[in-house]
S.K.: 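Attaching a single structure in structure tokens format; questions to follow.
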Number of protein chains: 2
Amino acid sequence: MAQYSTQLDGVFQALADPTRRAVLGRLGAGSASIGELAAPFDMALPSFMKHIRYLQNTGWITTRKTGRVRICTLVPKSFDDIEAWLSEQRRIWEARTDRLEHFVTTTQDKEASK
Amino acid sequence: MAQYSTQLDGVFQALADPTRRAVLGRLGAGSASIGELAAPFDMALPSFMKHIRYLQNTGWITTRKTGRVRICTLVPKSFDDIEAWLSEQRRIWEARTDRLEHFVTTTQDKEASK
DNA sequence: CGAATACTGAGCCATGCGGCTAAGTTACCG
DNA sequence: CGGTAACTTAGCCGCATGGCTCAGTATTCG
């Protein structure tokens, strides 16, 4: 069985904030510095940095420092984790509709054999 | 522009907990009572109830009370919200690779015209 | 060298989360 | 009618989150 728990917790938690989702959206278009990423937000830099560190800790981005500038790069791996979870849910869902169909079929058979 | 913020916050936050993900998985297979849902978890009922209320408040489930039993039912609508966000990210991602390809092409053209 | 730029670290604050217990409330069973 | 079952309410606790300010540190520019 899949060991979902801990990994997915952070992956989803990271997405549960509009600032972080926006940052990921921006980074989808290419790497950027902290300053560039922070510019659109009406927020003090240290506050913004917490989001960056969060994204880094949960594996959504990597960063490297060049001179006094830190560049952030998207790591799209976590998208796959989400897709995997979603398709697992779909699988469960479909198994259910299969059973419902079976039930309906069985019921119809009973009706037919009356 | 899409007004992502508030709605998605809760949708993702709800998934950022293994108990709640497990409940959704179980409900994918069909509706169930609070007691049935809580059984697999080593947790006091009031604690578990908070998760149920959370899932309800974020729109993942609906509940109705019949006698002294409360039945919970999955509302799969939020899956669509997630899919929408994911495909938006893919769109951004692909626009980027397009630009990269264009850049490569342009560079090659330059090279070719040297 | 001195100043400006780009972060970074430390620490405060309010709120919310995820767990708990203890004490209701509301059906249903005998 | 009394008891048990199935939630439900209220309230406490510790920790994490998301914001802030104020004061560093480290590069780069003139």
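The chains referred to below are lettered A, B, ... by the order of the sequence lines, with proteins before strands, and numbering in each begins at 1.
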S.K.: Taking any atom closer than 4.0 angstrom to a non-hydrogen atom of chain B, what span of DNA chain C does the protein reach, first nucleotide to last?
M.R.: C:dC17 to C:dC28
S.K.: Hey, does B:L45 reach any base, or is it just sugar-phosphate, or nothing, if we go heavy atoms under 4.0 Å?
M.R.: base
S.K.: Side-chain N or O of A:S47 versus OP1/OP2 of D:dG18: is the shortest distance under 4.0 Å?
M.R.: no
S.K.: With side chain to side chain contact (heavy atoms under 4.5 Å, CB included) as the test, pick out the partner of A:L74 among A:L24, A:V23, A:L55, A:T62.
M.R.: A:L24
S.K.: Ring centroids only, cut at 6.0 angstrom: are A:F12 and A:W85 within range, meaning strictly under it?
M.R.: yes
S.K.: Remember a base hit wins even if backbone is also touched, and classify B:T19 as base, sugar-phosphate or nothing at under 4.0 Å, heavy atoms.
M.R.: nothing
S.K.: Can you tell me if A:H51 touches the phosphate of D:dG19, counting only side-chain N or O atoms and a distance under 4.0 Å to OP1 or OP2?
M.R.: yes
S.K.: For the helix from C:dC1-D:dG30 to C:dG30-D:dC1, measure the angle between the helix axis at one end and the axis at the other, each built from five pairs, rounding to 10°.
M.R.: 20°
S.K.: For B:G35 and for B:K50, find the nucleotide of DNA chain D with the closest heavy atom, then tell me which residue's nucleotide is more 5'.
M.R.: B:G35
S.K.: Following the transitive rule for hydrophobic clusters with a side-chain heavy-atom cut-off under 4.5 Å over Ile, Leu, Val, Met, Phe, Trp and Tyr, establish whether B:I71 and B:F41 coincide in one cluster.
M.R.: no
S.K.: Is any NZ, NE, NH1 or NH2 atom of the basic residue among B:E88 and A:R21 found under 4.0 Å from an Asp or Glu carboxylate oxygen of the other?
M.R.: no
S.K.: With nearest nucleotides of DNA chain C determined for A:I34 and A:Q13 from heavy-atom distances, which residue corresponds to the more 5′ nucleotide?
M.R.: A:I34
S.K.: Can you list, in residue-number order, the parts of residues 58-69 of chain A that come under 4.0 Å of DNA chain C, counting heavy atoms only?
M.R.: A:K65, A:R68, A:V69
